[in-house]
Amino acid sequence: MSLKIVGADVWLGKERGFEKKQVLIEDGVIADVSDGIAAPAKEVLDGRGKWLIPGVIDAQVHFRDPGHPQKEDLRSGSVACAAGGVTTFLEMPNTHPATTTGALLEDKLEAAAQKSIVNYGFFIGATSDNLDELRRAERACGIKVFMGSSTGDLLVDDQETLERLFAKTDPATVIALHCEDETRVRRRAAEHRGRTDPAVHSVVRDAKSALLATARAVDLAQRHNRRAHILHVSTADEVELLSGRPDAVTAECAPHHLLLDIGDYERLGGLVKMNPSLKTSRDRDALWRGLSTGALDCIATDHAPHTLEEKRRDDIWQVPAGIPAVENSLGLVLAAASRGMCTADEALHWLCTAPAEVYQLEKKGRIEAGFDADLCLFDPERRHTILSENQWTRCRWSPWHETQVEGWPVTTIVGGRVAFQDGRPNLDCRGRRARRAG
Ligand code: DOR
């Protein structure tokens with residue numbers, strides 16, 4: 001199996017940017033990146049007029065397999081990934097049942113090997129009594145801690161369990177934390193129960209709730225000198241805290257917190273209810289600054305497929321939190337880059353390279369000889385309108401419905417095989433587990 005991609009502007013990382021190169025792929029691995037490759041290949045892909053970039057690594061998605069495959073299973077979720085230029089996803093444990101044991105993790109890995117057309121990794125979820133399972137979970141991409149409750153019933157917010165987790169789990173495994181202060185959120189929910197407007201969600205899950213929990217997580221990481229990753233940072237205050245973070249801490253933010261704010265409840269109502277909640281435009285601007293100064297490392301979607309019926313419930317308190325986004329993040333973030341929010345080099349670094357560094361994924365995130373041939377051809381001139389009815393996610397809607405952009409992924413390659421092209425997935429393609437280096 002060999003494939004040569006010719007004529008494309010190849011993205012060689014944040015420092016070098018784009019250069020016209022040819023790329024040779026052999027047996028799923030990048031064999032050569034140079035000006036003119038004489039070696040023949042079985043297939044040749046014409047990349048003229050396109051960018052060749054490393055596939056996006058979406059390090060935070062929620063699929064619903066097992067539990068609610070009618071909303072998303074590993075097949076539909078992986079197809080949505082491939083459609084959006086995502087070649088690896090890391091999936092969260094709040095499925096049904098929740099992934100809290102090594103055996104349940106193995107079940108997911110087995111199911112993904114059968115169904116996923118892109119590469120995958122799975123988190124194991126922390127509970128108050130599964131320390132032994134967490135300590136043995138070397139095949140998990142990380143340990144997930146819900147310090148604030150969200151979809152599902154995973155929650156660890158007592159100090160004793162958190163200290164034990166940080167002290168006793170394998171230091172090589174990243175602890176990824178959902179940071180919202182549960183006590184404060186519950187109190188504020190009780191206080192504001194009478195309100196019926198969608199924006200109440202951001203009043204209940206306010207900036208202080210996020211800051212309190214993030215400060216607590218940073219403190220734990222610092223005292224235990226333990227790798228921790230703060231998920232979906234949503235506030236200016238957290239960015240400020242993280243700009244002085246210890247080396248052991250990394251952080252990410254989500255496209256919705258970069259592109260939307262509390263002003264969007266008026267237009268989108270419960271559709272944009274998510275945890276952590278949307279914040280102000282000032283917070284939104286601070287996230288962009290946090291990425292460019294290095295207080296935040298990467299972008300991941302928090303893709304959460306709830307049905308449109310659920311999201312349109314009249315009672316905002318009964319609307320589940322989360323939005324689907326996995327197939328739109330690359331196009332939307334690069335569109336933001338072309339509007340001047342950041343450079344394309346920065347955007348690609350945050351989406352494609354940095355997640356591999358955060359989770360120490362072996363041979364992922366770069367176009368370099370020896371790295372896995374997980375790639376995306378992106379057409380910077382392709383006009384695209386995001387339409388709910390065209391989404392590949394099984395829940396089939398998007399908060400960015402009718403958004404028009406210039407520039408869209410057109411071909412996705414996973415392990416040297418075309419996984420998505422000409423608007424269609426290749427269902428014969430199979431991803432593999434993204435391994436941790438070392
Ligand atoms: O809004 C969210 N939805 N935040 C989470 O942390 C979980 C997610 C889901 O799984 O629905």
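Numbers here are sequence positions counted from 1. Counting starts at 1 for both ligands and their atoms, in listed order.
- Thr151 OG1, 3.2 Å is the protein heavy atom nearest to atom 9 (C) of ligand 1.
- Close approach of ligand 1 to His178 (heavy-atom distance below 4.0 Å) involves ligand atoms 6 (O).
- Between Met274 and ligand 1, no pair of N/O atoms sits closer than 3.5 Å.
- You'll find the ring centres of His257 and His232 outside the 6.0 Å limit.
- Not close to ligand 1: Lys71, with no non-hydrogen atom less than 4.0 angstrom away.
- When hydrogens are left out, the protein atom nearest atom 3 (N) of ligand 1 is Ala321 O, 2.9 Å; that is the closest non-hydrogen contact.
- Only the side chain of His62 comes within 4.0 Å of ligand 1, counting heavy atoms alone; its backbone N, CA, C and O stay farther away.
- Between the OG atom of Ser292 and the CD atom of Glu346 there is a distance of 5.5 Å, given to the nearest 0.5 Å.
- Side-chain rings of Phe18 and Trp51 approach one another, their centers coming within less than 6.0 Å.
- Residues satisfying the side-chain contact (heavy atoms from CB on, under 4.5 Å) criterion with Pro93, sequence neighbours excluded, are Thr99, Phe123, Lys144, Leu154.
- With a heavy-atom cut-off of 4.0 Å, Asp302 touches ligand 1 through its side chain alone.
- With a 4.0 Å cut-off on non-hydrogen atoms, Ser150 touches ligand 1 through its side chain and not its backbone.
- A salt bridge links Arg383 with Glu406; the closest basic N to acidic carboxylate O contact falls under 4.0 Å.
- For ligand 1, the polar-atom distance check finds no N/O of Ala304 at less than 3.5 Å from any of the ligand's N/O atoms.
- In this structure, Val86 and Phe420 have side chains that are not in contact, with every pair of non-hydrogen atoms separated by 4.5 Å or more.
- Under the 4.0 angstrom criterion for non-hydrogen atoms, Lys273 is not in contact with ligand 1.
- Applying the ring-ring contact (aromatic ring centres under 6.0 Å, His included) definition to pairs two or more places apart or across chains, those involving residues 290-346 are Phe63-His303.
- Atoms of ligand 1 lying under 4.0 Å from any heavy atom of Arg64, numbered from 1 in the order shown and given with element: 9 (C), 10 (O), 11 (O).
- Using a 4.0 Å cut-off between charged nitrogen and carboxylate oxygen, Glu368 and Lys363 do not count as a salt-bridge pair.
- Considering backbone and side-chain atoms together, Gln60 places no N or O closer than 3.5 Å to any N or O of ligand 1.
- Looking at heavy atoms from C-beta onward, Thr87 lies out of side-chain contact with Val56 at the 4.5 angstrom threshold.
- Among protein heavy atoms, atom 4 (N) of ligand 1 sits closest to Asn275 O, 2.8 Å.
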